[in-house]
2 protein chains.
Amino acid sequence: MAAELGVSQAPVREALRELEALRLIESAPNKGARVRRLTRSDLREVYQVRAGLEETAVRLGRPRVEALRTHLGRLHEAAAAGALHDQVRHGVAFHREIVKASGNDVLLSVWESLGIEVWTHLSIRLFRMPHESAAGHEPLVEAFERDDPGVGVLLREHLLGYAPGEPEGRI
Amino acid sequence: MAAELGVSQAPVREALRELEALRLIESAPNKGARVRRLTRSDLREVYQVRAGLEETAVRLGRPRVEALRTHLGRLHEAAAAGALHDQVRHGVAFHREIVKASGNDVLLSVWESLGIEVWTHLSIRLFRMPHESAAGHEPLVEAFERDDPGVGVLLREHLLGYAPGEPEGRI
DNA sequence: AGACATCCTATGATCGATCATTAGGGTGTT
DNA sequence: AACACCCTAATGATCGATCATAGGATGTCT
């Protein structure tokens, strides 16, 4: 691959590590790396972990509703403009704000290591999952607004709602 | 450092990346890497995330009680022999079994990326935290045995019990 | 003395090459 | 035909070196 790309092995090595961390490739020792055969199950696993992390986040600290509304506004704008990429970006920013508000840096870095933005794109493009709508976030913001103790569960269910269901399809 | 150790930069680079992933060092761009000044707060953050992950795990799947008892037995033996290192090892294995039983590979790899074993040692050696006793795990196993719906909360509280409290001490 | 431009050095990334290990194919034997 | 052994080739890690960049130190000017 290094020869093919006209670069040395070092950067290829780094790139493969990153892709493996995102679980987009899998590598067997002395057998090289291959792109993974992504299944709905892979996607569901990521969403389950993500849901757990974000539920943990709201247990540790609540985000500023104001900040959430800012992201939600951008999400609305992007949706109106039909800018899918921006929708994803602002949707992710919305949830990142929640995790960041936990005040737990370890939690934030673990959440980021999941590569949420990439997986969101994959869920939309590969499995035609509905992308996170601006409307779907409204109940969440309201729950944060009234400091609802059940916001953690609400958040988890919100997220799992975007995860693929049981049927085990392959690409 | 490479010159000092008589090796090339590549392995040093790799090692520093791993240490940074474990949050044992911090590196600023173009300023190099330094060992982090570990605080009780760092440790608490790791435990909070860990607790959340393991609670998520038991929501997804329950471990075989038999396997847990095996690890617990080894933990007992190590405690009787005063083998601290083995106590930690089997204690970690006990909890890893729980995470593994979730059937979620992403969850397992995220959990492993926390470097629980290292942090457990650090909590004991740096902050004199009590190490996970064999006795403390008994209620957990019993809860799994009777398939207690509250085992998730019990597990979380069990873990947070080993996390450092508020007083912000430095080493 | 303080503000500012310039130089120096450490860092970080990349390069091209070598070396040990091992998977998988090929050969030979029973 | 089944099996054990060997051997090639690819992988992965390491090496020693170069290059661009950024931070800090130095020196100059006001």
Side-chain angles (χ1 to χ4, degrees), chain A residues 1-39 41-42 45-46 85 89 92-93 96 99-100 104-119 121-122 170-171, chain B residues 1-39 41-42 45-46 85 89 92-93 96 99-100 104-119 121-122 170-171:
Chain A
M1 288 178 59
E4 197 170 323
L5 295 173
V7 296
S8 101
Q9 305 102 311
V12 174
R13 187 181 181 70
E14 294 289 316
L16 289 179
R17 295 239 169 179
E18 283 180 42
L19 289 174
E20 194 178 9
L22 286 176
R23 311 191 131 244
L24 296 180
I25 63 172
E26 57 190 346
S27 62
N30 289 312
K31 290 191 59 177
R34 303 215 161 281
V35 300
R36 285 196 54 186
R37 201 126 191 84
L38 297 179
T39 66
S41 181
D42 291 315
E45 291 193 4
V46 173
H85 186 75
R89 204 157 52 83
V92 170
R96 188 180 186 279
V99 178
K100 196 169 154 59
N104 185 319
D105 286 342
V106 175
L107 184 60
L108 181 59
S109 69
V110 166
W111 184 87
E112 287 181 336
S113 76
L114 284 181
I116 297 300
E117 194 160 339
V118 173
W119 284 101
H121 276 290
L122 289 176
R170 288 171 189 275
I171 307 176
Chain B
M1 286 178 59
E4 197 169 322
L5 295 173
V7 295
S8 104
Q9 303 102 310
V12 173
R13 188 181 181 70
E14 293 289 314
L16 289 178
R17 294 239 168 178
E18 283 181 42
L19 289 173
E20 194 179 9
L22 286 176
R23 311 192 131 244
L24 296 180
I25 63 171
E26 58 190 347
S27 63
N30 289 312
K31 292 191 59 177
R34 302 217 159 283
V35 299
R36 284 197 54 188
R37 200 123 191 87
L38 297 181
T39 66
S41 182
D42 292 314
E45 291 194 5
V46 173
H85 186 74
R89 204 156 53 83
V92 171
R96 188 180 186 279
V99 178
K100 195 167 156 61
N104 186 318
D105 286 342
V106 175
L107 183 60
L108 181 58
S109 71
V110 166
W111 185 86
E112 286 180 337
S113 77
L114 284 180
I116 297 300
E117 194 160 339
V118 172
W119 285 100
H121 276 290
L122 289 175
R170 286 168 190 278
I171 306 176

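None of these values were measured; they are calculated from a predicted model. These values consider heavy atoms only, across backbone and side chains, with no hydrogens, waters or symmetry-generated copies. Below, chains carry the letters A, B, ... as their sequence lines are ordered, and counting in each starts from 1.
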Under 3.5 Å donor-acceptor pairs involving side-chain atoms of residues 109-116 of chain A, not counting sequence neighbours:
from, atom 1, to, atom 2, distance (Å)
A/S109, OG, A/D105, O, 3.4
A/S109, OG, A/V106, O, 3.1
A/W111, NE1, A/E54, OE2, 3.0
A/E112, OE2, A/R96, NE, 2.6
A/E112, OE2, A/R96, NH2, 2.5
A/S113, OG, A/V110, O, 2.6

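Atom pair B/E14:CD and D/dG12:C1' shows a separation of 10 Å (rounding to whole Å applied).
Between the CH2 atom in A/W119 and the CG atom in A/L22 there is a gap of 8.0 Å [rounded to 0.5 Å].
Applying the salt bridge (Lys or Arg N to Asp or Glu O under 4.0 Å) rule to pairs touching residues 3-12 of chain B yields nothing, sequence neighbours excluded. Under the side chain to side chain donor-acceptor pair (under 3.5 Å) criterion, the residue pairs touching residues 22-32 of chain B are B/E20-B/S27, with sequence neighbours excluded.
Looking at every heavy atom in both residues, B/E117 comes nearest to B/V92 through CA-CG2, 3.9 Å. Heavy-atom minimum distance, A/D42 versus A/L38: OD2-CA, 3.5 Å.
Of the residues in residues 4-11 of chain A, those with a non-hydrogen atom less than 4.0 angstrom from any atom of DNA chain C are A/V7, A/S8, A/Q9, A/P11. Contact check of residues 22-31 of chain B against DNA chain D (heavy atom, cut-off under 4.0 Å) returns B/N30, B/K31.
Annotation: side chain to side chain contact (heavy atoms under 4.5 Å, CB included) contacts of B/V12 (sequence neighbours excluded): B/M1, B/A2, B/V7, B/L16. Under the side chain to side chain donor-acceptor pair (under 3.5 Å) criterion, B/E14 pairs with A/R17, not counting sequence neighbours. Partners of B/R13 by side chain to side chain donor-acceptor pair (under 3.5 Å), not counting sequence neighbours: none found. With sequence neighbours excluded, the residues that form a side chain to side chain contact (heavy atoms under 4.5 Å, CB included) with B/L19 are B/L24, B/I25.
Put simply, chain B comes within 4.0 Å of DNA chain C, heavy atom to any atom, from C/dT11 to C/dA13, going 5' to 3'.
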